[in-house]
Amino acid sequence: MSQFDWDVIIVGGGHAGCEAALAAAKLGCRTLLLTMTVDSIAAMSCNPAIGGLAKGHLVKEIDALGGTMGMVADETGIQFRILNRKKGPAVQGTRCQSDMIVYKNTMRSILENTENLDIRQAEVTGLSWDKNRINGVQTNLGEIIQGKAVVLTTGTFLNGLIHIGHQQFPAGRAWEFASGSLSEHLKEKGFQIGRLKTGTTPRLDAKTINFDVLDSQPGDPDNPRFSFWNTKNELAQVACHITYTNSRTHDIIHENIEKSAMYSGAITGVGARYCPSIEDKVKKFPHRERHQVFLEPTSLQSVEYYPNGMSTSLPTDVQVAYLQSMEGLENVKVIRPGYAIEYDYVIPTQLKSTLEAKDVSNLYCAGQINGTSGYEEAGAQGLVAGLNAALKIKERDPFILLRNEAYIGVLIDDLISKGTEEPYRMFTSRAEYRLLLREDNADQRLTEKGYQVGLLDQEKYQVFQTKLEKISEVKAVVASVNVKPTDRTKQVLSANGIGSLNHRIKAGELLKKPNITMEIISQLDPAVELEKLSQWSDTVKKCVETEIKYDGYIQRQESQVQKYLKIESIQIPAILDYDTVGGLSTEVKQKLLSHRPQTLGQASKISGITPAAITILMVAIQKMHKKQPSL
């Protein structure tokens with residue numbers, strides 16, 4: 001083997017690239033990670049945090065499958081919280097404040113010590129082609145590096161253009177070179193390319209912040225974690241702080257709004273709807289007297305703070321002025337100004353469920369190149385793309401997650417079926433089966449798959465098997481033991497504000513009632529049998545409690561899943577000529593030809609494709625199967 005002969009080449013060292021490289025290497029593929037700056041591998045370009053609402057689900061799913069983001073987040077977090085803790089388990093999300101420096105260094109160390117994986121610094125300027133098949137990449141050093149598959153995880157670097165006020169300069173991240181040649185190469189080869197915009201906040205000097213006058217927000221005392229495996233964290237846990245904009249802040253922004261790249265017409269890319277700039281907030285919500293800002297530490301090794309909620313493209317002097325109008329920031333110094341960045345992306349409807357290009361064999365795309373925003377969305381795609389590239393090389397079946405199996409499945413299905421015209425962000429509301437896709441059961445949904453495909457080792461799989469056994473044991477106890485209406489039972493229920501019990505009832509049935517928890521059940525009579533519940537971990541008991549409490553709703557969603565699978569599982573033959581299918585309107589035919597869905601399920605999600613059109617397609621496919629049973 002020459003030094004330029006690889007199985008899988010990963011282009012880009014961000015969160016998607018890291019997961020893609022590790023997945024391919026774990027499957028035994030000779031993997032090369034190419035990045036423009038080795039020192040920026042796994043860098044957190046924007047907020048110093050992992051997880052959040054729906055994003056925490058993605059991280060746990062990555063972890064359950066055998067990915068790495070969750071473990072690194074656990075080891076390098078400096079504050080952990082559960083968001084939406086007072087709401088139902090389906091919409092709760094784990095989030096950690098990350099030490100950006102330690103996170104980046106930890107992930108790089110894992111990559112450097114992974115077998116079958118090499119790292120090189122170079123800019124990829126184009127791809128090496130064999131007709132409609134990729135067999136390597138071209139670099140700015142004039143090299144052609146051969147590879148059987150290529151995964152593009154270029155983040156915001158494709159024709160990246162940074163805006164600070166009226167100042168513009170090419171960059172993929174603050175003061176890092178942009179990649180112009182690769183984007184032009186993809187356009188020349190026929191890829192549909194779009195333009196998006198995102199932004200980040202200024203970074204503040206903690207020495208100049210008056211924390212004494214600000215509200216403190218500590219982490220949760222139970223220190224929740226992402227990983228289902230045994231992770232350790234030896235870092236100090238710290239608080240964030242909260243401040244607010246005010247009328248003076250808003251006046252400064254209004255007075256200078258035309259200096260913002262967003263409002264001067266300099267930016268043409270579409271921005272993130274759910275992560276607006278401070279200019280957008282002030283302009284579009286004039287009735288709001290103030291906007292909340294979280295001051296987040298970026299690292300225990302740095303004085304930099306991230307003012308979450310203050311993304312901007314205003315000039316630096318204006319940024320300083322409006323920041324100093326806020327409580328606690330009267331004397332603040334800005335270490336790095338905030339900025340907006342425009343970049344090219346590949347319209348994701350050109351991809352298959354595996355994230356391989358429909359028209360180009362062995363080329364995969366993952367992360368912001370597909371129009372998404374966020375480290376978590378990127379990492380999830382990277383894992384799927386890297387895994388599928390490796391599986392194809394090894395001539396194994398592809399790895400595809402459906403909408404009923406994982407948030408990762410929802411993410412990819414949304415992208416390839418509907419596309420996106422703005423940076424796509426994951427929300428729990430995007431998952432129609434979210435009660436089945438909770439954070440707590442991500443391992444029960446996905447770990448078997450991760451083990452079977454080769455991402456998870458035997459040791460972690462055994463941890464999972466042991467957990468399943470414990471869950472079964474707890475279920476057996478609550479299903480078999482009758483709670484008795486004794487004085488002890490009545491006292492415990494009364495002390496917890498719960499009405500009296502007048503007859504025997506199975507512990508499992510009692511657990512379905514509001515405000516009854518596993519902890520309360522363990523204190524009731526018969527004490528000898530129910531106190532045994534204390535021997536199992538809170539994690540195991542919580543899993544059982546959730547399944548029992550939501551059993552009726554879960555069964556209803558499982559019934560809905562069966563209907564979904566009937567359509568989703570029907571493959572659309574590649575040779576189907578839509579022009580020969582009677583009853584389809586011209587508009588429907590055009591949209592089907594443009595999106596080229598692989599299944600009826602994907603077709604049904606395309607805007608303008610009616611239920612009647614799906615029925616017509618189903619009949620046409622059935623007729624084709626009768627004529628050609630081998631399809």
Side-chain angles (χ1 to χ4, degrees), residues 9-12 16 20 124 126-135 137 149-159 179 182-196 269-270 343-373 377-378 380-382 384-389 392 398-401 408-424 571-576 578 588-609:
I9 298 173
I10 312 297
V11 180
V124 171
L127 303 172
S128 177
W129 296 72
D130 178 8
K131 296 181 180 178
N132 67 336
R133 175 178 170 273
I134 298 301
N135 59 14
V137 299
V150 173
V151 183
L152 298 180
T153 66
T154 51
T156 58
F157 279 73
L158 292 184
N159 275 334
S179 173
L182 181 56
S183 185
E184 298 309 311
H185 176 87
L186 292 172
K187 290 177 186 177
E188 291 171 5
K189 294 296 183 178
F191 278 91
Q192 298 176 40
I193 303 294
R195 190 83 169 153
L196 294 177
V270 181
Y343 56 96
D344 291 347
Y345 77 109
V346 171
I347 306 298
T349 53
Q350 299 169 96
L351 305 175
K352 302 176 184 177
S353 300
T354 58
L355 296 180
E356 183 181 22
K358 289 176 179 176
D359 291 331
V360 182
S361 182
N362 298 349
L363 177 64
Y364 297 77
C365 296
Q368 284 180 284
I369 191 174
N370 291 342
T372 59
S373 67
E377 289 89 344
Q381 293 173 74
V384 171
L387 175 58
N388 275 310
K392 186 172 185 182
F399 183 82
I400 297 171
L401 290 170
I408 297 175
V410 174
L411 165 66
I412 293 175
D413 187 60
D414 279 352
L415 291 173
I416 67 171
S417 298
K418 304 174 185 177
T420 186
E421 296 179 352
E422 62 185 56
Y424 178 103
Q571 298 285 323
I572 299 177
I575 62 172
L576 176 62
Y578 295 117
V588 167
K589 290 177 182 178
Q590 288 174 345
K591 290 192 173 184
L592 290 170
L593 286 168
S594 174
H595 285 74
R596 286 177 294 159
Q598 296 169 273
T599 68
L600 279 185
Q602 291 175 14
S604 69
K605 301 178 195 79
I606 300 171
S607 175
I609 304 298

### Task
State which residue, out of Leu415, Leu351, Leu355, fulfils the side chain to side chain contact (heavy atoms under 4.5 Å, CB included) condition with Cys365.
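Of the listed options, the one satisfying the test is Leu351.
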### Message
Here's a test for you: under side chain to side chain contact (heavy atoms under 4.5 Å, CB included), which of Asn370, Ile134, Leu127, Val137 qualifies with Leu152?
### Response
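The single option meeting the side chain to side chain contact (heavy atoms under 4.5 Å, CB included) with Leu152 is Leu127.
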Is it the case that the side chain of [X] and the backbone of [Y] share a donor-acceptor pair, with hydrogens and angles ignored and the cut-off at 3.5 Å?
X: Thr372; Y: Ala378; result: no
X: Lys358; Y: Arg596; result: yes
X: Lys605; Y: Gly601; result: yes
X: Thr420; Y: Pro423; result: no
X: Glu422; Y: Val270; result: no
X: Thr349; Y: Ser417; result: no
X: Gln350; Y: Gln192; result: yes

### Message
Regarding Lys131 and Ser361, do their side chains bring together a donor and an acceptor under 3.5 Å, going by distance alone?
### Response
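No, no side-chain donor-acceptor contact under 3.5 Å.
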#### Entry: Side chains of Asp414 and Tyr424, donor plus acceptor under 3.5 Å
yes
Is [Y] close to [X] at the side-chain level, that is, under 4.5 Å between some pair of heavy atoms?
X: Gln368; Y: Leu158; value: no
X: Lys189; Y: Val360; value: no
X: Trp129; Y: His185; value: yes
X: Thr599; Y: Gln602; value: yes

#### Entry: CG-OH distance between Leu186 and Tyr345, expressed to the nearest 0.5 angstrom
14.0 Å
### Task
Mind running side chain to side chain donor-acceptor pair (under 3.5 Å) on Asn388 and Thr354 for me, showing each step along the way?
CA-CA 6 Å; Asn388 275 310; Thr354 58; 5.0 Å; no
### Task
Provide the closest heavy-atom pair for Gly608 versus Val588 in the form atom of the first, atom of the second, distance.
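That would be O-CG2, 3.9 Å.
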### Task
Compare every heavy atom of Val151 with every heavy atom of Ala20, then report the nearest pair and how far apart it is.
CB-CG1, 4.3 Å
